[in-house]
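Below you'll find the structure, written out as structure tokens, and then a few comments.
Scope of the values below: all heavy atoms of this structure, side chains included, with no hydrogens, waters or symmetry mates.
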Amino acid sequence: ESTSGESMSPGDILVDSDSQWQYWKGKSAPSTNREWTTADFDDSTWLYGMGGFGYGDQERVNTTLSDMRNSYSTLYIRKKFTLDASQLKGEFLLQLYYDDGFICYVNGVEVARSNAPDSYMYNSIATANYESESVDTFTLNLAGSIHEGENVIALVGFNVSLGNSTDFVLSPSLVLNQNAGEPQNS
């Protein structure tokens, strides 16, 4: 479920788009399969940067990927976050700006996607051209995928083209609205 709106939803920001993330430029695959989406993946070789990744649309970008155009069409990002028992219930929201596509994982489980190929590799492209005019919000079902303690959110972003796209943006936040929903843990 996705909605658009100018303002962020009320709630606790668990992962802020403007905080430090780890990222991997899609010049090669970050792991053989989807290990990069799990909490215990060794990301020690990944780069660090402030969230809001991309080029061309500098209004939403903190880490400029000046080498992306004509070089790579995907970007992988991940960030660990901690939940206490009281945060396991409520409505989890992925709020992001993106251009052109993405897939989001929490603890290795896919929880949201838009304009992403069914199956992808490091050199895949988005299935459609898209640019967030305002923050897009996806309500996430995290039942069975989150737990008390350390968790990880991981996204792969897709540009619509290797060289013909004038911009790319991937800028996600994870928000918990505790005024809605039932417990998400199982």
Side-chain angles (χ1 to χ4, degrees), residues 1-2 12-54 63 65 68 72-98 101-127 136-159 168-176 181 183-186:
E1 179 181 338
S2 171
D12 299 330
I13 298 174
L14 301 174
V15 177
D16 191 347
S17 62
D18 291 337
S19 62
Q20 183 170 264
W21 291 68
Q22 286 182 269
Y23 69 101
W24 179 272
K25 296 176 179 183
K27 296 177 183 179
S28 63
S31 62
T32 305
N33 293 303
R34 304 285 180 254
E35 295 91 349
W36 67 274
T37 67
T38 63
D40 57 358
F41 175 71
D42 178 7
D43 54 16
S44 60
T45 60
W46 287 41
L47 300 169
Y48 287 89
M50 295 302 288
F53 296 90
T63 297
L65 304 170
M68 186 173 189
Y72 52 99
S73 59
T74 59
L75 181 76
Y76 301 81
I77 65 173
R78 52 184 275 128
K79 184 170 179 65
K80 292 181 179 175
F81 64 99
T82 302
L83 294 175
D84 62 40
S86 70
Q87 294 174 306
L88 296 176
K89 63 181 188 294
E91 181 179 60
F92 289 84
L93 304 172
L94 174 66
Q95 297 181 328
L96 77 163
Y97 290 95
Y98 67 99
F102 76 93
I103 301 174
C104 178
Y105 302 86
V106 173
N107 295 331
V109 177
E110 182 181 318
V111 295
R113 68 165 46 221
S114 181
N115 298 333
D118 291 335
S119 177
Y120 67 91
M121 297 184 354
Y122 72 90
N123 57 354
S124 295
I125 60 171
T127 58
D136 286 313
T137 299
F138 295 80
T139 302
L140 306 180
N141 177 2
L142 300 184
S145 60
I146 57 164
H147 51 263
E148 189 174 348
E150 189 175 79
N151 295 267
V152 67
I153 184 170
L155 294 91
V156 55
F158 301 95
N159 209 347
F168 169 84
V169 175
L170 187 60
S171 183
S173 293
L174 181 62
V175 175
L176 170 59
Q184 296 263 319
N185 59 332
S186 53

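In this structure, CD1 in Ile153 is found 14.0 Å from NZ in Lys80, a value given to the nearest 0.5 Å. Atoms CG and CD1, from Leu176 and Ile146 in turn, are 8.0 Å apart once rounded to the nearest 0.5 Å. Of the inter-residue distances, the one linking Thr82 atom OG1 with Glu150 atom CD reads 6.0 Å to the nearest 0.5 angstrom. Rounding to the nearest 0.5 Å places CG of Leu142 at 10.5 Å from CD of Glu91. Annotation: the span from Arg34 atom CZ to Ile103 atom CD1 amounts to 7.0 Å, rounded to 0.5 Å. The distance from atom CG of Asn159 to atom OG of Ser73, rounded to the nearest 0.5 Å, is 7.0 Å.
Closest heavy-atom contact between Pro117 and Ser124: CG-CB, 4.0 Å. Nearest heavy-atom pair across Ala39 and Val152 is N-CG1, 3.4 Å. Heavy atoms only, all atoms of each residue included: Thr74 and Met121 are closest at CG2-O, 4.1 Å. Smallest separation of non-hydrogen atoms from Tyr23 and Trp46: C-CE3, 3.5 Å. A pairwise comparison of heavy atoms in Phe92 and Gln87 identifies CZ-O, 3.2 Å as the closest pair. Minimum interatomic distance between Phe41 and Glu35 (heavy atoms only, all atoms of both residues): CB-O, 3.2 Å.
A heavy-atom distance below 4.5 Å is not found between the side chains of Val111 and Phe138. Looking only at side-chain heavy atoms (C-beta outward), Thr139 and Leu93 come within less than 4.5 Å of each other. Between Phe102 and Leu94 the shortest side-chain heavy-atom distance falls below 4.5 Å. With a 4.5 Å cut-off on side-chain heavy atoms, Gln20 and Thr63 do not count as touching. Taking the side chain as every heavy atom from C-beta outward, Leu174 and Lys79 never approach each other to under 4.5 Å. Taking 4.5 Å as the limit, every side-chain heavy atom of Asn151 sits out of range of all side-chain heavy atoms of Leu14.
When atom types are taken as modelled, the side chain of Thr37 and the backbone of Ala154 share no donor-acceptor pair closer than 3.5 angstrom. One N or O on the side chain of Gln22 and one on the backbone of Asp43 form a donor-acceptor pair closer than 3.5 Å. Here the side chain of Ser31 pairs a donor or acceptor atom with the backbone of Trp36 at under 3.5 angstrom. Not one N or O on the side chain of Thr137 forms a donor-acceptor pair closer than 3.5 Å with the backbone of Gln95.
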Would Trp24 and Tyr122 satisfy ring-ring contact (aromatic ring centres under 6.0 Å, His included), going step by step from the backbone distance to the final call?
-> CA-CA 10 Å; Trp24 179 272; Tyr122 72 90; over 10 Å; no
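Between the side chains of Ser114 and Tyr98, at least one donor-acceptor pair of N or O atoms lies under 3.5 Å.
For the pair Arg78 and Phe53, the cation-pi criterion (under 6.0 Å, within 45° of the ring axis) is not fulfilled.
Using cut-offs of 30° and 60° for the angle between ring planes, the Tyr120 and Tyr105 rings count as tilted.
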